[in-house]
Structure formats: C-alpha cells, structure tokens
Amino acid sequence: MSQTIVSQLDAEANAYLRERLPQQRIVEIPFGPEGLAQIPADASTLIVRPINVRGVELKDAPAGWPWSLQWVQLASSGIDFYPSWLFDVEQVASAKGANANHVAEFALAAIFSAAKQLPDIWVKNDDWHFTYLQPVKGATLGILGLGSIGQSLAQKALALGMRVIALGRPGHALAEIPGIEAARDIHHLFAEADHLVVVTPLTADTRHLLDRDVLGSAKPGLHLINLARGGLLDQNALLEALDNGSIGRATLDVTDPEPLPNNHLLYVHPRVRISPHTSALSTDGKRKFVDDFVANFQRFQTQAQLENLVDIGRGY
C-alpha cells in the first residue's frame, strides 16, 4: 500500500529515498519552520530536520498538527533542537547511531591534531626546530557517554593502544565492554584522562554538567573535546579553566548558542579550536540515513516496533 512520506531532506537524499522506496509518494517540503505548514493532510510519515536552531524557537504547532501523521523521523540523534509539540505524534524516532563512526573518527582526528601539533608543526621556510610530539599510544582517553558514538570511539582507541576509561549517562550503569575501565564518577573521569570526549545527551539533568567544579577536577593540561551539545558545558567556567591550566586545550564542535556571536572570547583563545557543528557530517552520511530510514519504514509497514524510538521523559 502506497503511503505519503514528507521529507525535509535535500534533493540528493530525496532522490535516493525515491530510489529505495519507488512505490511510496515522497513529498519534499522546505527546510525550516515554514515547510511544516506544507505537510499534506494524508501524510503518514515526516522526516524533519532540526527546527529550533540558529535563534529560531517555534513554540506553536502549525494549524492542524499533527494531521494524519503516525511517525516522525528526526534527522538528528538528539531531540533538543525540536519543539515539544513535535512529540505529540504517536511515534518519534531519532537518527541515533547513524553517524557514530563519523563522529568517532572526528574525535580521533582532534586527538591526533593535539598530540602531533597539527597544523602548527608545518614549516614555511628554512627556520626549522625540533619539536617533541606526544604519543597517542599509551595516553588515557576519557569518554563521557557510552552510547553508539562512545562505543565506536572506544573500540578505535583501544586498537590504537590507548587506555580507555568511561562514564555512562547519569543514573545508568556502564555497559561492560572488554578493555574499557569504568570511572567511579565524573571527577574520577576528568582526573584520569589526557583527552576527554563528551558524547552524552543534553537533558534538563545534564545542562551545564561540566561546570567549574567538574573542570577543576581535570588532570592538568587535559584536552577536552565536546562533540555533543554546547549546553553541557559552562563556557565561562571553561575559559577560567583554560586560563588557570586545568584545561590545556579545548576542541569544540558544539557551542551555546550556535553560532557564537562574533568576537566571543572562545573564538580568539589560543588553546581553543572550534568547528561549526560538523563532526557528524560525511559524504556518505545521507545514504546511510536513508538506508536506516528505509529499514525502519519496513518495520512501520508491518506494524513492528521502530528502532530508536524517543522517550521524551528521559530526553533522548
């Protein structure tokens, strides 16, 4: 039976979606809040990109919401970029895990960049100086959040000979994975790590989890890598920790807000590296997302339970 799927994906991704689901009606709507008002009343499924981003806050649902929608598929793993009314639909699924390998690779790139002083070590003339570079093998990697990204990163880091210590989401036991040490608490995690990657969800309980107290527990010179959400980190406390030496370097793929305003101190701090929330993006990411969606759509058609259903109460 043909169904109407409404998509905010781009033209390339929608073309692949039509290729994978030739019997279904795929309706493209523009990215952004204005597109939501164009959803056909007979649509059963909506693929939606983040709404409350770059200063947008859409508090009210479009007139008629949610029409005949039975399933909303988020184009991101986190749910904090979407208004609460979006979750009035019977089933909402996230894209959790779709970009786990991409984000894990980005984390390793940040670690190697710091350890090998890239790109600062490249020379432009004959004024050469010896530089002693830090090894990655034998260094301690801390991971805050051991979901699909954290597990992918841990496996890669262990293969490189790193020591891996991790802490799961607050209130959740750490999954037992061979080779990974469990931190007693967040202070223990920060005290042990040479590089610490943050990949835990942002919820009401985790906002500003990384505050002055936690950052003060850091092993001196810690390289902090936040690839999750900017709201997890107290940015003023980070600046203090960078200046007093508790944190030696910060790699931030996320900030609060996004983007930071021009002339923000984090842009100009010599030990901060900021990327524009791009660690999850990859040249093969669109097809991977569509493939995962198609697998879930097949479950939807047979009324089987969907993968990655969101629990709005827990915040992911």
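Remember, it's a predicted structure, so these values are computed and weren't measured experimentally. Start at 1 with the first residue, then count along the sequence.
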Hey, any chance [X] and [Y] share a hydrophobic cluster, counting ILVMFWY side chains that come within less than 4.5 Å of each other, even indirectly?
X	Y	result
V254	L239	no
I274	V53	no
V136	L227	yes
L252	V214	yes
I165	L222	yes

Sort out for me which residue in I29, L74, V6 forms a side chain to side chain contact (heavy atoms under 4.5 Å, CB included) with V48.
-> L74
Tell me whether [X] contacts the main-chain N or O of [Y] through its side chain, where contact means a donor paired with an acceptor under 3.5 Å.
X	Y	result
Q24	Q3	yes
R299	A304	no
D253	S279	yes
S148	A98	no
D213	G216	no
E258	T255	yes

Could you tell me whether the side chain of [Y] reaches within less than 4.5 Å of the side chain of [X], counting heavy atoms only?
X	Y	result
Q235	D256	yes
L36	Q8	yes
K219	D194	yes
L46	W67	no
L153	V199	no
W65	L86	yes
Y82	V92	no
N52	L58	yes

Does a donor on one side chain sit under 3.5 Å from an acceptor on the other, for [X] and [Y]?
X	Y	result
S282	D284	yes
N308	S94	no
Y16	D291	yes

[X] [atom1] to [Y] [atom2] distance, which is reported to the nearest 0.5 Å:
X	Y	atom1	atom2	result
N236	L233	CG	CG	9.5 Å
H277	S76	NE2	OG	8.0 Å
I39	T45	CD1	OG1	11.0 Å
L17	E19	CG	CD	10.0 Å
T200	Y316	OG1	OH	8.0 Å
R25	I5	CZ	CD1	11.0 Å

What are the two closest heavy atoms between [X] and [Y], and how far apart are they?
X	Y	result
G145	I143	O-CG2, 3.3 Å
L9	S7	N-OG, 3.0 Å
Y267	P261	CE1-O, 3.1 Å
H195	H223	ND1-ND1, 3.0 Å
G285	H102	CA-CE1, 4.0 Å
L306	L309	O-CG, 3.6 Å

Where at least one partner belongs to residues 152-161, residue pairs that pass side-chain hydrogen bond (donor to acceptor under 3.5 Å, both in side chains), sequence neighbours excluded = N101-K156, S152-K156
Going through the distances and angles, do L141 and L158 end up as a side-chain contact (heavy atoms from CB on, under 4.5 Å)?
-> CA-CA 9 Å; L141 171 63; L158 289 169; over 6 Å; no
Candidate pair L146 and I180, rule side-chain contact (heavy atoms from CB on, under 4.5 Å), full reasoning = CA-CA 10 Å; L146 207 60; I180 300 178; 4.2 Å; yes
Under the side-chain contact (heavy atoms from CB on, under 4.5 Å) criterion, do E28 and R18 qualify, and how do the steps go?
-> CA-CA 11 Å; E28 298 184 32; R18 290 189 177 93; 2.9 Å; yes
Would R184 and E192 pass as an ion pair if we require N to O under 4.0 Å?
-> no
Quick one: do F190 and L224 satisfy side-chain contact (heavy atoms from CB on, under 4.5 Å)? Show the steps, please.
-> CA-CA 9 Å; F190 269 72; L224 179 65; 4.2 Å; yes
Apply the test salt bridge (charged side-chain N to carboxylate O under 4.0 Å, His left out) to residues D120 and R273: give CA-CA distance (whole Å), side-chain angles for both, the deciding distance (0.1 Å), then the verdict.
-> CA-CA 12 Å; D120 299 336; R273 306 292 185 269; 3.8 Å; yes
Under 6.0 Å from the CG atom of N263, do we count more than 12 heavy atoms belonging to anything else shown?
-> no
